[in-house]
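Counting starts at 1 for both ligands and their atoms, following the listed order.
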Amino acid sequence: MKTIFIFIGFIYSVLLAGVTSTSTSDDMVETSVVDNQNAPLLAMFKMTKVNKRIMEYISDALEIKMSNLVKMKLEEVLLSLDIDEDVKQYIENMKGNLTGHIKREIKDYFDDMKHNSSDAISKASRTEEENIKKESKDYFDDMKQKSADAFSEASRIAKENIKKEVKDYFNDMNQKSTDAIYEARRTAEENIKKEIKDYFYDMKQNFTDAISEVHSHRDCSDLDREHFRSGEYRIFPWGRAGFNVYCDMDTDGGGWTIFQRRQDGKVDFYRGWKEYVKGFGDVRKEFWLGNDKLHDLTSQGSYELRVDLEDFNGDKAYAKYSTFNIGDQSTNYILTVNGYSGTAGNALVYHNKQAFSTKDKDNDSDRRNCAENYKGAWWYNGCHTSNLNGLYVGNKQDNKGMRWNHWKGSQSMKTTSMMIRRI
Ligand SMILES: [Ca+2]
């Protein structure tokens with residue numbers, strides 16, 4: 001048993017002291033051991049000589065015993081170290097240190113991070129700004145270019161449109177001009193036609209005048225009735241200085257020289273002696289040719305008279321006298337009329353052999369001033385059965401009007417004409 005303890009002591013001392021073993025020779029082992037009196041011993045073992053059985057026994061026992069011993073001894077050591085407090089303290093210290101360190105490190109880290117970040121951000125910002133600036137510039141350059149292009153394109157399109165509009169405008173203008181020119185030309189043509197017509201009419205008139213002059217037409221009856229139409233012509237009674245008259249070349253065979261016409265009341269017929277002697281109005285419209293002319297004309301030969309009447313109902317009638325003559329001024333233009341025929345009745349016979357009277361020269365056979373009473377100028381007797389130079393009173397019955405008693409009584413006429421033709 002004592003040997004076993006020696007071995008145990010030997011193993012234990014090896015464990016605790018870390019004693020080195022040294023090989024001497026062959027299988028001889030020399031090692032220091034401590035006995036149970038704590039005396040150091042030096043033991044020499046010849047391992048080949050240890051009984052194999054002992055070796056096994058020792059091995060098993062050692063294993064069990066060592067295991068238990070180590071366990072026990074470690075627990076004792078751990079208990080003796082008062083490990084709880086120490087570890088706690090250590091951990092606390094470590095924790096404190098670590099916390100501070102970690103805090104510092106974290107702060108540093110974040111400071112660093114922040115700094116780096118700031119720098120990064122700053123740098124990034126600067127870069128970004130640069131980039132943005134550049135991009136903006138590029139963008140605006142691009143926009144500018146695009147705008148320029150767009151503007152250029154717009155300008156081109158606008159130009160095209162303007163060109164087209166101008167073209168259209170000019171086409172339109174051209175069309176309008178053409179139309180205007182056409183219209184102007186048409187109007188001009190019409191005017192020219194009219195002017196030519198008027199010109200030829202005047203030429204004809206002048207020609208007629210010339211012919212008249214050459215042939216010394218004494219009145220309208222001298223005009224060639226096959227070649228001359230109704231109109232104004234110059235005649236030369238007695239070969240004296242001529243005057244213009246209106247020739248009716250249509251009615252009743254034509255060749256009639258008209259000396260009185262009324263048609264619308266535009267000319268005042270209530271006039272004095274001198275005017276009736278000289279004549280007034282327009283031979284193409286309303287007029288009295290004049291007593292002197294009537295005398296000159298009717299003294300050239302034998303004349304017939306035709307009186308045409310129309311009332312406001314459109315009724316027409318005529319009175320024709322195969323003898324008609326007007327005396328000279330010394331007779332006060334005395335009327336000679338005979339040989340009635342026609343449809344209007346003989347309303348002049350009552351005035352046969354009567355002098356001409358005006359409001360200012362009473363040559364009638366009545367104690368009254370017939371011209372003044374009946375507002376006319378006529379060969380009044382006492383006073384009248386016809387009054388064709390009376391007032392233009394319109395469609396009504398009035399003895400002061402243009403009446404032809406034997407046809408419509410006191411009804412005033414709408415139109416009248418008196419004309420002569422040499423027989
Ligand atoms: Ca009288």
**Q** Taking the side chain as C-beta and beyond, is there a heavy-atom pair between D398 and S412 under 4.5 Å?
**A** no
**Q** Which value, rounded to the nearest 0.5 Å, describes the distance between Y303 atom OH and L294 atom CG?
**A**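 Between atom OH of Y303 and atom CG of L294 there are 10.5 Å.
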**Q** Hey, what's the ring geometry for F356 with Y276, parallel, tilted or perpendicular (30° and 60° as the breaks)?
**A** tilted
**Q** Could you pull out the atom name of the N/O/S atom in D364 that is nearest the Ca ion (ligand 1)?
**A** OD1
**Q** Taking N, O or S atoms only and a limit of 3.0 Å, check whether R367 reaches the Ca ion (ligand 1).
**A** no
**Q** Taking the Ca ion (ligand 1) as the reference point, name the nearest N/O/S atom of D366.
**A**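 So the atom name we want here is O.
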**Q** How are the rings of W273 and Y333 set to each other: parallel, tilted or perpendicular (split at 30° and 60°)?
**A** tilted
**Q** Please name the atom of D362, restricted to N, O or S, that is closest to the Ca ion (ligand 1).
**A** OD2
